[in-house]
Structures are given as structure tokens and as C-alpha cells.
Amino acid sequence: MKHLVTLKDWDCDTIRSLLDRAADIKKEPSRYRDAMRYRVLVMIFEKPSLRTRVSFEVGAVQMGGYAIYYDMSTSPLGAGKENIADTVRVLSRYADIIMARLFEHAKLEEMVRYSTIPVINGLTDFSHPCQVLGDLLTIRDIKGRLQGLTLAYFGDANNNVTHSLLFACPKMGMNIRIACPGKPRYMPQPAVLEEARKTAEHNGVSVEILHDAVSAARGADIVYTDSWMSYHIPAEELEARIGDLKPFQVNAAVMEQADSDAIFMNCLPALRGYEQTAEVIDGAQSVVFDQAENRLHIQKAIMLYLLEHASRNTSAA
Ligand code: CP
Ligand code: NVA
């Protein structure tokens, strides 16, 4: 049985066929209106969400399935009355697929160990694979290819989205540059970097870490940033983070260095004046709402792929 835990586990061909299917779903959604008929998705949330919550629910409903929003704070698990193993073993008896958004990645891995239905990572502190698969769809839609492109990421790089980009870009034949402060707390986790470098070497592309935004942007095809205050970062860190991360803000001067056809991406939620200026996110090069839309299409493809590889079909008619 397959799960979506991190993009480290998914090979280039699997990702490519997933993108192809998502593109087909996007073009002709009505062809998939019964693809999830009688299938039930349970969505466990320990953190806030707009895009993940709504796009998964809409995706399941548009394909004839049903989605249950399960707020972890109202569960026996959240109240400390039940453990993860029992929770997912019970859910496995009711539903067909689980999507979970959690703080600790290890807890998602624990869910996977005990679940007898597919589990999708809807974001942990460590990785956000659904986001980056949707982003690859956005990039391929706009640029017509992935191979040979250079993506430059700016800001907090000890970050779930950055880690997923580091797993995915070299695998898909893309160069990746990270522009972040030199302090270890803003750097990608060393094991992720090592994996990215190994894949990059194998595929003849590059992984670079730079501590200067202007040089990182030079000639880039994609300029990407994410929140300086991810959901798991305590509010009291705000002032210190603004001080450390301001030199890595995506502004007009940074965009000026990128390729003239460069696109600007942010997984959202975004704060204008922080990780990017308003003129960048609201400007002509910004594709942030295409990114948000593509979460819907890619997640439909992810759910169908995992359901097809599930070891048991609980509520299938
Ligand atoms: N990009 C993303 O995952 O957004 P939400 O936190 O709103 O789900
Ligand atoms: N890095 C961000 C992504 C939000 C979708 C966070 O974890 O909050």
C-alpha cells in the first residue's frame, strides 16, 4: 500500500504521471465525477488551514466522494485520552483514506505505521508534499516543462515547503538555489540537503545555498518564498525573525535580477511587507492563485492514485 509522506519516497516517473493525470482532471473534471464514488476521506487537522482543508474537501465531493473534517483539538487523541495507533486503526475501519495536518512529522509516520488505509501528509513541520506537487503542476502549465529550469527560494529555509522543494526539484531535473540567513535555525535540515545534492549530482543539476538574495535571484525562472512565521513558530519570535529575514524579502530589486519571464510563487498564506512586497505578490509575474487552484487538481490525482494502490476497498460499492 502507498502513502504520501514525503517526496523523497516518490520517484520521477510517478510524479510525472501524477502531473499528467492532474492536468487531465483539470481539463475535463466532469470525466472524474464518479471516480471517488462512495469513498470517504477523513481530514485530521492539528493546525489552521484554508487551502488544504477546502481543496481536499471540494476535491472529494467533486469526484463523488465524501470528506469529514476532524479537528484534532476535539478528538480523544487531542485530549490525550487516546493514542495515535488506536485512532488510526479505528479510522481505518470507517474510512477509505486519511489526510492529516500535524505539527510533528514523526506522528504522521506513526499514523502510517498503524493505518490500513492510505495516509496523505497535508503538512507537517518537516514537509508539505501536496503543496509542492501542485507547484510542479503550476510551473509545468506555465513554462511547458520542468527540466532545466532554475527555482530560487528566499527566506526561512528550515521549512516544510523548502524541504519538499529540495526533494522534488533535483528529481525533476530542476536546479534549486536557496537564499537564507547563515544561522542554522534558518537552514534546511542537513539530511534533506544531502539527499537533494545526491539526486542533483545524479541528474546533472545543481543545489546551491547562498546568503545573498540578489545573487540568488540572478537569471532564475521561478522566484519562490514562504511565510517567515510558519504555523508552528511561536508569535514571540516575530521581531527577531523580521530582523534576520528582511534581507531575504522578495521585492522589486530581487525580481529585477530574475529572468524577464520569471514567475513569482508563494504557497500562501502570505503577508505583504514581510516575505514579499505587495507590488510583487500583486504584480504581473505572480502566479499565487494558480498555485492555490492547482492544489485542487493535484490532490484529486493523489487521492485516486493512492486509492488504486490501497490494499483494501472498504466502502467501495
Ligand atoms: N498552502 C497551504 O497549505 O495553505 P493552507 O495552510 O491554507 O492549507
Ligand atoms: N511553511 C508554512 C506553509 C503554510 C502552507 C507553514 O508551515 O505554516
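In this text the structure is predicted, and so the values were computed from the model without any measurement. Excluded from the calculations below are hydrogen atoms, water molecules and symmetry mates; all remaining heavy atoms, backbone and side chain alike, are included. Counting starts at 1 for both ligands and their atoms, following the listed order.
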For atom 4 (O) of ligand 1, closest protein heavy-atom neighbour: R51 NE, 2.8 Å
Whichever hydrophobic residues join Y274 through chains of side-chain contacts under 4.5 Å: Y186, W228, M229, I233, L238, I242, L245, L271
Residue pair D244, K183: steps toward the side-chain contact (heavy atoms from CB on, under 4.5 Å) verdict: CA-CA 9 Å; D244 290 336; K183 293 181 185 168; 2.9 Å; yes
Taking atom 2 (C) of ligand 1 as the reference point, the nearest protein heavy atom with its distance: R295 NH1, 3.3 Å
Q291 to ligand 1, any heavy atom closer than 4.0 Å: no
N160: numbered ligand 2 atoms lying under 4.0 Å from its heavy atoms: 1 (N), 2 (C), 3 (C), 6 (C), 7 (O)
Region of L268 that comes within reach of ligand 1 [heavy atoms, distance under 4.0 Å]: backbone
Non-hydrogen atom of T52 closer than 4.0 Å to ligand 2: no
For atom 8 (O) of ligand 2, the protein heavy atom that lies nearest, with its residue and separation: Y231 N, 2.8 Å
Criterion side-chain contact (heavy atoms from CB on, under 4.5 Å) on M43 and Y70, from CA distance to verdict: CA-CA 6 Å; M43 311 187 294; Y70 193 43; over 6 Å; no
Proximal atoms of ligand 2 relative to D226 (non-hydrogen, under 4.0 Å): 1 (N), 2 (C), 3 (C)
Worked check of side-chain contact (heavy atoms from CB on, under 4.5 Å) between L18 and I302: CA-CA 7 Å; L18 203 73; I302 294 167; 3.7 Å; yes
Under 4.0 Å to a heavy atom of S230 - the qualifying atoms of ligand 2, by number: 1 (N), 2 (C), 6 (C), 7 (O), 8 (O)
Ligand 1 contact on K47 by region, counting heavy-atom pairs under 4.0 Å: neither
Ring-face cation contact, F45 with R53, 6.0 Å cut, 45° max: no
Short N-O contact, D156 and R241, less than 4.0 angstrom: yes
Atoms in ligand 1 with a heavy atom of C267 nearer than 4.0 Å: 1 (N)
Y231: numbered ligand 1 atoms lying under 4.0 Å from its heavy atoms: 5 (P), 6 (O), 7 (O)
Element-labelled atoms of ligand 2 that are located less than 4.0 Å from some non-hydrogen atom of L268: 5 (C)
Check: T225/N266 side-chain N/O donor and acceptor closer than 3.5 Å: no
For H128, the ligand 1 atoms whose distance to one of its heavy atoms is below 4.0 Å: 2 (C), 3 (O)
Salt bridge (charged side-chain N to carboxylate O under 4.0 Å, His left out) partner of E208, the single match among R177, R218, R197: R177
Minimum-distance protein heavy atom relative to atom 7 (O) of ligand 1: L50 N, 2.6 Å
Salt bridge D20-R140, side-chain N to carboxylate O under 4.0 Å: yes
Short N or O distance, R53 and ligand 1, threshold 3.5 Å exclusive: no
F126 and H163 aromatic ring geometry - parallel, tilted or perpendicular at 30°/60° bounds: tilted
Proximity to ligand 2 by part of S227, non-hydrogen separation under 4.0 Å: neither
CG on L306 to CD1 on I98, rounded to 0.5 Å: 12.0 Å
The single option from K47, K107, R101 passing salt bridge (charged side-chain N to carboxylate O under 4.0 Å, His left out) against D125: K47
Region of N159 that comes within reach of ligand 2 [heavy atoms, distance under 4.0 Å]: side chain
Sub-4.0 Å atoms of ligand 2 with respect to non-hydrogen atoms of L123: 3 (C), 4 (C), 5 (C), 7 (O)
